[in-house]
Amino acid sequence: MAAATAVRVPFRLSQEAILAAILALALLVLAFTSEQFFTLDNLLNQGRLACEVGLVALPMTMIIVTGGIDLSAGSILGLCAIMLGVLWKNLGLPLELAIALTLVIGTSAGLVNGLVITRIGVPPLIATLATLALYRGLAEGISQARSVRGYPDWFFVLGQRDLGGIPAQLWLLGVAILVFAVVLARTGFGRTLYAIGNNETASRFSGLPVDRAKLVIYGLSGFMAALAAWIFVSRVSTTRSDMGTGLELDVIAAVVLGGTSIFGGTGTILGTVLGVVLVQLLKNGLALTGVKGDATIVVIGVVLILSILITNLVQRRGGGEG
Amino acid sequence: MSATALSRPSPFGGLLRRLSSQEAVLLLALLVLFAGVGAFNPRFLAERNLETIFQGNAYIAVAAIGMSMVIISGNIDVAVGSLIGVLAVLSGSIAVAGWPIWLSWVIPVLAGMAVNGFMGFLVAWLNIPSIVVTLGFLSILKGGLIMATGGAWIGNLPPGYALAQMEPLGIAMPIWFMVVLTAAAAWWMRYSGLGRSIYAVGGNAEAARLAGIDRRRVVLQVFVIHGAFAGIASVLFATQLSVIQSTVPANLELTIITAAVVGGVSILGGIGSVVGSTLAAILIAAIASSLIFLNVSPYWIRAVQGVLILVTVLADLWRRRRQAVR
């Protein structure tokens, strides 16, 4: 990945390198300003908190690489969390089956996005804005604002326990990162996604399976949101219909911060992972220095706009190549 | 259309012909809804409930006018709900601080124009997609509001501040605003140069450029105008109760976008009307109210909104495809 970038633009640092440098700097500053920050406990706990955003950010990277966007991911998370609780508590299904069905529901919700986008030709922004309202509305309607609690003990392992000294869900996130990184960088499917983002019409005429690829990534986005819902419920021990509200902001900020162009065509999983880490460290660092949660969302908004602004400026200056 | 049809328009036929098919459909839907729900539960048509539907949601219709222009120009604004929340608190703070009342009505409008002007600048001159700019501002405004107020409500508003509760000529002020602004904006969109160029920029940016229209200036102006409408909406919102909540109404931006899209504003830019968006804003409010009178849980309203957007969008694409075939 890095090699390919270096070949194309020999005089410029890759976005990942810049991001890694910023990350190192942020770590340094945070380590000096707060004693609690640079402890293993805190860092692992931050990993736990960033897990849901990380899981959803992986397929979102693929979607943004194709020039699309999925605003409904946070709502799918909310819907899946509610369905998990309702299937188990209200319908009396075994919890294992409820989890499996939840993953199916999330994937289906994502596939509906994909179908509306590919078969009917609705722009991704509007299609997923509509389903953002629809899926959140279903979550609210089905739950009637009632929460579900009282899950059995084994259910909390994934969200709250450690495996081998590391939060359980981070293993899952690690595997997901590897799979997505390999698929995007090393397979024909990944190359198809870049091709769609660079020139969709040309990709179509080259015989690439454009619609099928899009369907797959929007379905994946739904699946990962469902997975994140399962982890979220396990982590906080309860189910509420407003879970995941605004998640799409964190996810898109992380992906864009990680160097994926919002116009499509470029981006890597490594960059997104660095973006997720940076966003979480920013939140944590601000919280530790006494800044309230509301201020951190202000900062994330600013970071989102600035990162695109700077990328635009850098690209224009270095411009000229294809 | 034949010449004879033009020369002998019945007053009612003339009115109908001026409405686009989308507006006619919305008007019909409203009538059917009021008749149907009214037959099921006559209390739905009680004066008090109708007042709540029209008066209480006029600010959404006003904001949807500006949103329509933004979408017609090929952009989107997901920050408008947070902006209205911020401007409402600004308005209340000015009133409580003892400044002249009229300043508490005017400054939010100017502030809205300034904030949205900045967003429009980022979109038009620095080429950042409007979804990213407004998503960023959504969190900046929302977080900033809670930071600044600490979640405290504003009460003890001075007498004479409650603009939305005034009733000149026996008709509530929000309704005056809704009707006059809709009519003015509809006329302006159809007959003014800038109004026409919004359609041109959203419909075919390249053709608009060749026609000598400066896309960047049009987009900037659209955002500034949208900011003014958001400012007016915020004042109507702030003055309708005796306290101002310092939290943004949940998902206000989604309701406003739904009104604009359902009102016939094409998601692909270039087509739409502000009369439609106002009718749609009332329709959405009426549906929300009817859920209660039909004994359906109001928690379903957002799902209904989502379905409404999807259905309108599909109908719009289907209509375009049919026109393309013809």
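The figures that follow rest on heavy atoms only: side chains count, while hydrogens, waters and symmetry mates do not. We name chains A, B, ... by the order of the sequence lines, and we start the count at 1 in each one.
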Could you tell me which portion of B/Ile128 (side chain, backbone, both or neither) has an atom closer than 4.5 angstrom to a non-hydrogen atom of chain A? both

Contact class of A/Leu309 relative to chain B, heavy atoms under 4.5 angstrom: both

Contact summary for A/Gly301 and B/Ser139, nearest pair of heavy atoms: CA-OG, 3.1 Å

Do B/Val78 and A/Leu71 touch side chain to side chain, with heavy atoms closer than 4.5 Å? no

Counting heavy-atom pairs under 4.5 Å with chain A, the top scorer among B/Val132, B/Ile309, B/Leu310 is B/Val132

Please determine, among B/Arg302, B/Met147, B/Lys142, the option with the most heavy-atom pairs under 4.5 Å with chain A. B/Arg302

Does the side chain of B/Leu254 reach to within under 4.5 Å of the side chain of A/Leu129, using non-hydrogen atoms? yes

With the side chain counted from C-beta on, respond yes when A/Leu249 and B/Leu138 share a heavy-atom pair under 4.5 Å apart, and no when they do not. no

Going by heavy atoms in the side chains, are A/Ile305 and B/Leu122 under 4.5 Å from each other? yes

For A/Ile262 versus B/Pro129, what's the shortest heavy-atom pair and its separation? CG2-CG, 3.4 Å

Just wondering, do A/Gln144 and B/Trp300 contact through their side chains at under 4.5 Å, heavy atoms? yes

Report which part of B/Ile76 has an atom under 4.5 Å of a heavy atom belonging to chain A: side chain, backbone, both, or neither. side chain

Go through the atoms of A/Leu138 and report whether side chain, backbone, both or neither lie under 4.5 Å from a heavy atom of chain B. both

Could you tell me which portion of B/Leu141 (side chain, backbone, both or neither) has an atom closer than 4.5 angstrom to a non-hydrogen atom of chain A? neither

Only one of B/Leu145, B/Ile140, B/Ile146 forms a side chain to side chain contact (heavy atoms under 4.5 Å, CB included) with A/Val298, so which one is it? B/Ile140

Heavy-atom distances under 4.5 Å only: say whether A/Phe263 touches chain B with side chain, backbone, both or neither. side chain

Between B/Val313 and A/Val116, is any pair of side-chain heavy atoms under 4.5 Å apart? no

